[in-house]
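Quick note: numbers below take in every heavy atom, side chains included, and nothing from hydrogens, waters or symmetry partners.
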Amino acid sequence: MYNNIKHSAPMEREYEGWIVAEIESYFENLGISCSIWAVGVQSEKYWPADEHLLANGAFIGLQMKKAMLAGKKNKLKWVFNQPSQQLADILKFDDIYYCLPTFINRDVKKVCLHHCIFWRPTTAQRKTGWYYNLNAKVKSSYRRMFIKMRWGLFSELLIEGRVGKRFSSSKEANKYLSEVVARAKSVEDDSLKNSYLIWVEL
């Protein structure tokens, strides 16, 4: 059901829009203030930190990847090396997670958050992740991604301060923001495009 293409395969920006809206709705329903921004190499242009940072909050970064179908059996996969340096750069930022939609069917978009994996890679050597592929000829350690973390656990860990960066004051948060901007400037290509930052007030 979830891998059936409805009309056409979603583009990456469509996934981004659906997922961002669901994240905002999720925290709103919990009564938790949340802001989410699209960020890029020139982070300071898109990240008006002085207006949004509050005390008692947490940051987390998400790198969105679109789901694709491959092979005769239409196995679901994600490609992590487009742009080429993205995977290596993600490994440098311990507060950025991949957000991997597990659906192609557009009918899932209104509940899409339940059909996403939130995950960090362990090596830059494996360029592809597979939802479920037990073919030993596939040279990837990421062949069973369906067992990875889903939104419920990920959001609980964020709220509990076990993932992302947590701050007790706006001064502390702004200092960290400056460091993130400096790190983003050091990235030479567009490897951090399609990245989003979530600020949750706790």
Side-chain angles (χ1 to χ4, degrees), residues 1-40 46 58-83 86-87 90 96-121 126-135 138 140-159 163-164 190-200:
M1 171 185 174
Y2 301 121
N3 292 347
N4 293 332
I5 296 178
K6 189 74 176 274
H7 307 303
S8 65
M11 301 178 72
E12 199 154 63
R13 66 174 179 264
E14 291 181 286
Y15 280 119
E16 293 172 27
W18 299 333
I19 292 167
V20 166
E22 284 282 298
I23 290 173
E24 291 175 333
S25 177
Y26 176 86
F27 285 114
E28 181 180 347
N29 288 335
L30 289 179
I32 296 175
S33 296
C34 166
S35 295
I36 182 166
W37 299 268
V39 299
Y46 309 103
F59 279 120
I60 195 75
L62 294 180
Q63 175 67 43
M64 310 281 192
K65 302 302 290 186
K66 75 173 185 176
M68 297 183 287
L69 296 177
K72 295 180 180 179
K73 295 184 178 180
N74 282 338
K75 295 183 183 297
L76 199 69
K77 72 172 187 176
W78 308 270
V79 178
F80 303 130
N81 64 331
Q82 295 177 356
Q86 184 179 88
L87 187 56
I90 291 296
I96 297 179
Y97 282 72
Y98 274 111
C99 175
L100 308 174
T102 64
F103 65 96
I104 296 290
N105 190 335
R106 294 169 184 274
D107 288 345
V108 180
K109 65 184 181 182
K110 292 185 179 179
V111 291
C112 63
L113 207 49
H114 303 293
H115 298 280
C116 290
I117 291 168
F118 295 84
W119 167 80
R120 276 192 57 77
R126 307 301 187 191
K127 310 300 185 185
T128 305
W130 298 85
Y131 188 70
Y132 186 82
N133 191 339
L134 296 182
N135 185 350
V138 175
S140 174
S141 57
Y142 307 134
R143 290 186 289 137
R144 300 175 71 243
M145 296 292 289
F146 73 92
I147 64 174
K148 304 301 183 184
M149 181 166 45
R150 301 298 179 123
W151 173 254
L153 175 58
F154 184 72
S155 63
E156 290 170 6
L157 294 177
L158 176 60
I159 291 170
V163 298
D190 291 330
S191 64
L192 294 183
K193 72 176 184 179
N194 304 323
S195 292
Y196 285 79
L197 182 91
I198 302 174
W199 165 261
V200 179

Spacing of [X] atom [atom1] and [Y] atom [atom2] [to the nearest 0.5 Å]:
X      : Y      : atom1 : atom2 : answer
Phe146 : Arg143 : CZ    : CZ    : 11.5 Å
Cys116 : Leu100 : SG    : CG    : 8.0 Å
Ile159 : Leu30  : CD1   : CG    : 6.0 Å
Thr128 : Met68  : OG1   : CE    : 7.5 Å
Trp151 : Ile117 : CH2   : CD1   : 14.5 Å

Tabulate below the donor-acceptor pairs under 3.5 Å that side-chain atoms of residues 20-28 make, not counting sequence neighbours, or state none.
| residue | atom | partner | partner atom | Å |
| --- | --- | --- | --- | --- |
| Tyr26 | OH | Ser155 | OG | 2.9 |

> Where do Trp119 and Lys148 land on the side-chain contact (heavy atoms from CB on, under 4.5 Å) test, with the steps shown first?
Replying inline: CA-CA 7 Å; Trp119 167 80; Lys148 304 301 183 184; 3.9 Å; yes

> How would you list, by chain and number, every residue that makes a ring pair (Phe, Tyr, Trp, His ring centres under 6.0 Å) with Tyr97, sequence neighbours excluded?
Replying inline: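 So Tyr97 forms a ring pair (Phe, Tyr, Trp, His ring centres under 6.0 Å) with Phe154.
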
>> Distance alone, cut at 3.5 Å: any donor-acceptor contact between the side chains of Lys127 and Gln86?
In response: no

>> Is there a side-chain contact between Phe80 and Trp78 in this structure, where contact means two heavy atoms from C-beta onward sitting under 4.5 Å apart?
In response: yes

> Less than 4.5 Å apart, any side-chain heavy atom of Arg150 and any of Thr102?
Replying inline: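 Counting from C-beta outward, Arg150 and Thr102 do come under 4.5 Å.
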
> Got a sec, which residues hit side chain to side chain contact (heavy atoms under 4.5 Å, CB included) with Val111, two or more places apart in sequence or on another chain?
Replying inline: Val108, His114, His115

> For Lys109, which residues count as a side chain to side chain contact (heavy atoms under 4.5 Å, CB included) partner, sequence neighbours excluded?
Replying inline: Trp18

>> Taking side-chain hydrogen bond (donor to acceptor under 3.5 Å, both in side chains) as the definition, give me every residue that meets it alongside Glu156, ordered by chain and number, with sequence neighbours left out.
In response: none

>> Tell me the closest heavy-atom pair linking Leu87 and Pro121, and the distance in Å.
In response: CD1-CG, 3.6 Å

> Should Glu14 and Arg106 be marked as a salt bridge (Lys or Arg N to Asp or Glu O under 4.0 Å) after you check the CA-CA gap, both sets of side-chain angles, and the distance that decides it?
Replying inline: CA-CA 10 Å; Glu14 291 181 286; Arg106 294 169 184 274; 2.7 Å; yes

> Taking the six-membered ring for Trp, are the ring centroids of Tyr98 and Tyr142 within less than 6.0 Å of each other?
Replying inline: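 Ring centres of Tyr142 and Tyr98 not closer than 6.0 Å.
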
>> Could you check whether any side-chain N or O of Arg120 sits under 3.5 Å from a backbone N or O of Ile96, counting only pairs where one atom can act as donor and the other as acceptor?
In response: yes

